[in-house]
Each structure stands twice: as structure tokens, then as C-alpha cells.
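Report on one structure; see the data block that follows.
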Amino acid sequence: MSKSSFISHYSTSLLRVPLYSARVQAGFPSPADDYLEGSLDLNEHLITHPAATFYCRVCGDSMTGVGIFDGDLLIVDRSLSPRNGDVVLAVLDGELTCKILDIKRQRLLAANRQYAPIPIPENSSFEIEGVVISSIRRHRCLPS
Amino acid sequence: MFALVDCNSFYASCEQVFRPDLRGKPVVVLSNNDCFVVARSREAKVLGIPDLEPFYKVEHILRKHQVAIFSSNYALYGDLSSRIMQTLSRYSPDIEVYSIDEMFMSLQGFPANLKPYAHEIKDRVWQDIRVPVSVGIAPSKTLAKLANWAAKKIPQCAGVCILDTADKWQWLMRRVPVTTLWGVAKRQASRLAVLDIHSAWDLASADPKLVRSHTSVCMERTIEELNGNACLLLEQQPAAKKQIYCTRSFGKKATQLQPVLEAVSLYASRATEKLRQQQHLALTLHVFIQTSSKQANYLNLSQIAQLPYPTDDTRVITALARETARQIYRPGHAFLKAGVGLIEITDRHHQQFDLLHQGQSRQADHLMAVMDKVNRIEGKGSVFLAAQGVTKPWYMRQQYTSPQYTTRWRDIPKVRA
């Protein structure tokens, strides 16, 4: 299987926004050309551990208090050790669930008053799947 | 020292990465066309499901024990494999990707006590990718392979086995049959049995010259490797393939020309896609069609055809493959399998130009680049030649495919909030 046969977020970025650019006007080179510094890469900005990072889609409204809404895209980094107060993905009843980690009181918190805190099960099978490092909302749908 | 990192039940483990509910449960993965069981999770092995067993034979056992069944999802396995490679590259400057689920690493000049390092590698791959791996470390690749076998099979090893001194590898070799070793096939084992070589240790302590005279020079090298002398080095640049084949059985036997031509068109375009990926051009192709080998009047029709100029244009290659298939096709038979091979290929950047033919046009280059790009972004098979047929009734669907969690936007995992 070759790497180029599927899209990966750590292959070359698909979209690049130029940082500096100028057209050549009447034969004079742009004075900015000497300062050309490539482009800003959103992957580089959002992702520090590409091999350990994956994306997922949110279903539900329990995290609206921290700005995570139904349909949002989450960027999850598995390589980080979860800290108190992190937004994490945990496995609850075999299902991937997004909640806030409260290590001190051993529970998972929603960011919505309608949802009660969930005590972290005592048994060792409980696992944090990764730390949510960003969430992305579209404010306008792209033409499909 | 070499390390071999090998993923445990790789395809089955991949299916569990985004399905935590399936961890610790029996899972099997089926081959192309859902014919055979090609991967089993540990729990499925415990149920006594043999490897490479036809699916129909074990389906009732699988259903009875509620085993999770998956068709192979190579997009997922390939992506997770390259993530593992990327993670391992932090642990050694020299890595050889031996297969989709095995990587050799050079640990030249690393500190003497490698056990904590091996555990760190294993734990890191689990933490970052959620694929379980075993680590075998030894002074040669053949011994590292054996160490990895022990890491998997001996529970006390806990996934890590280091054979760094002669007494350790000798202890192990006295206890395993010679066929456990890398590069010793069953056929060779019978030749070795003539020399009274049965255990791995028998081979390691045998006279290399005598063994060579009964087998091959490779076996002599294996003996060297088993005694801790590295003969095989890491191969970091996998050689570009010298031939590219796409061969597959039909889901349903084809009794007419039309489905055969559609299948040949699809295989030709798949092979050509791979050709473009490795930046080569094809000169000669091989087309064959076969009936079932289990039938009395078994038919294997095959022909070689020359392309007009070195090309990677799907249209040109497909047209010639179809023309060739049309010539060899004989009515009145039920064909089960077809294949297209690009058997003479040349590096795109070192091609010999023809004095009388200008070769492939720039437009064709552009068109193929656009086709590949669309298929990369929109998913395989989004743009294809109509010659392949649209409904493909001869093509067996893979019934149990999991989502492409990491390589297709509409397939990314959903999480509850």
C-alpha cells in the first residue's frame, strides 16, 4: 500500500495561503520578493503530533458550554497525557464520548447544566482515548 | 543490534482502533472478495478459528460466537501502518519497512540495556495509535525475527524479548522447530531433516558448508545470522516494482465477453494507477483469463501485447488490454479470474525517446494527473473509464467494510457529547 493512495493530514497540505506575494509590475520585480517566506499552514498550526492525531465529528449538545456544538469537528491528540480540566475523548459503555476530565474528583463533566457529572468507573478498563486539542466550527457551509 | 517491531493481528487490531467496544472481543478480517479469514484477534484465535480458512466454512462458528466480521479495509490499514512507521522513526535513525505490519530498526550504538527502550516503543505505539505491537531485539535480523516470535508466544515476555547473549538465543533455539525460523519453509525443512536437523539449534550448530550443499547459500547465511553475526542489512529504499499485476477472481463466473472486458478494464486501470505512483511507464502488458482450476476443462488463456510507446495513460493501456482480452476470449466457457500485468516498465525520468514517435502527449500527462487527484480527494473510483462498466455485476462487493476513519471526511468517527 503506497502512502499516496489515500489522503492523510500529514501528507502535503492541500491548501496554502501565501504570506507575501506580488505581481511583477511593468518589468520591475516586487521589493517584497526578497522577503518571501512561504505560506501559512493550518495543519502546522493545529497539529503537533500528526501520527497520533485524528479527527472526529460531534453528536450532541452536552459540551456547548465550552463552545463545542453538534456537528463540530474535533482534533484529537492521543499522544498527550490528560491533565485536570482537559477536554478529552473517553470510552463510556464502549462509545467514544467527549467530556471534561475532573481528575481530582474522578469524574467526567459535561459543559451543559442539563447533564450530570459521570463518575469514572473504578475498574481499570476505563481509558482516555485522547485529548481534544481543537474544535472547528463552520460558520458558512461550503458549496458542495 | 536490530529490533523487529511487529503489530499483533494487525488488520484485526486496526478494526478495533476506532471501535473501543470491540477491544478484547473476537474480531476477524476477510480477504479481498470476502473469501478467506486473513486476520484474527487473539480472542478469535482462542475460539479455534484457523488462519486462511474459507469464510463459508467458519461462518457458522463466527455467527454463533458473535465474532465481529470485517472485509479488508486497506485504506485504514495503510494509514495506520504509516502512522506507526512515523512514530517508530523517533526511536531509530534507520528503519526498514519490511511489510505493512513489520518494521526493522537499527539500534546500532544504543546503550546496552535495551529492555526499557523496547517497552517504551511498545507503550508509545499503543498510546499514539492504539495498535498493540511486539518487539524483538537481537544482533541479527534473523534472530530479531525469532525474538519477536517469542515476544508474542511466551506470555512472560509481555510483548518484549531481547536475545542479546548467546545463552539466551541458544536456550530458545533448542526449544523451537526449525520451521519457526525466518526463511526456512516447510519444503526446506524436509531437506534439513535428512541431515538430522530438526530444531532451530540443530541448524545453528550445523556445518554451514554441508547445509549449503544440501540447500542453498541463503541457508548458510541463516546459520551465520543464528550465531549472532549480522549478514542482512536494513533495506531502506524498497526497490520499485519491476512488474505490476492486478489479478482478481470474479464474484460471479462470467459466461459472456462483456463482463470479462469490464473486469480487464478495471484491472488495467488499477495497475496503471500503481504504475503512475511509482513514476514509471509501461512498454509491454500481459493479459490472462482463466476458468476455475477445479473444473475438468480448465482453461488459461494468456497473451502478451506491446504498447505503441512507453505510457502511463489509462486510456491507452486499457484499450490494448481490452483488445487483447477480446482476442483470447473463447465463448462457451465460464471464466472465474482475470488479470492484467504491466511486465516491462521503465523509469519515467530515464526513458529512451523514440526517433519516430514523440511518445505520450503533455495533454495525456495532465489528464492522468487530474484523474489521480480527483480520485485521491473524492475517493477511489470517483473518475473512471466507462469501459469498466458502471454496475459491475461481476464484481463481488465487500460486504463488511468498516469506515475509512482516517482517510475520508465523511467516514471520520462520530463521538457523543
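Just the heavy atoms: all of them, side chains too, but no hydrogens, waters or symmetry mates, feed the values below. The chains referred to below are lettered A, B, ... by the order of the sequence lines, with proteins before strands, and numbering in each begins at 1.
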Chain B contacts, top residue of A:C56, A:G60, A:A111, A:S81 (heavy-atom pairs, under 4.5 Å): A:C56

B:Y74 and B:Y11 aromatic ring geometry - parallel, tilted or perpendicular at 30°/60° bounds: perpendicular

Derivation of the ring pair (Phe, Tyr, Trp, His ring centres under 6.0 Å) call for B:Y400 and B:F70: CA-CA 5 Å; B:Y400 314 101; B:F70 291 99; 8.6 Å; no

Inter-residue atom distance B:R42.CZ - B:S9.OG, 0.5 Å rounding: 8.5 Å

Chi angles and distances behind the side-chain hydrogen bond (donor to acceptor under 3.5 Å, both in side chains) call for B:S99, B:D101: CA-CA 5 Å; B:S99 69; B:D101 58 353; 3.0 Å; yes

Under 4.5 Å from a heavy atom of chain A, the part of B:R23 involved: side chain

Neighbour count >12 (heavy atoms, 6.0 Å) for atom CZ, B:R416: no

Engaged part of B:V17 at the chain A interface, taking heavy atoms whose separation is under 4.5 Å: both

Qualifying residue, where the test is side-chain contact (heavy atoms from CB on, under 4.5 Å) with B:Y77 and the options are B:S13, B:S82, B:S72: B:S72

Interface residues of residues 73-80 of chain A facing chain B - heavy atom cut-off under 4.5 Å: A:L73, A:L74, A:R78, A:S79, A:L80

Those residues of residues 94-110 of chain A, ordered by number, that approach chain B below 4.5 Å (heavy atom to heavy atom): A:G94, A:E95, A:L96, A:T97, A:C98, A:K99

Most chain A-contacting option - heavy-atom pairs closer than 4.5 Å, from B:K274, B:Q127, B:K414: B:Q127

Short N-O contact, B:D365 and B:R348, less than 4.0 angstrom: yes

Structural part of A:V91 lying under 4.5 Å from a heavy atom of chain B: side chain

Charged N-O contact under 4.0 Å between B:R83 and B:D128: no

Lys NZ or Arg CZ of A:R137 over A:F69 ring: under 6.0 Å, within 45°: yes

B:H366 side chain to B:A364 backbone, donor-acceptor under 3.5 Å: no

Salt-bridge criterion met for B:R376 and B:D372 (N-O under 4.0 Å): no

Polar contact flag, side-chain donor to acceptor under 3.5 angstrom, B:D79-B:T407: no

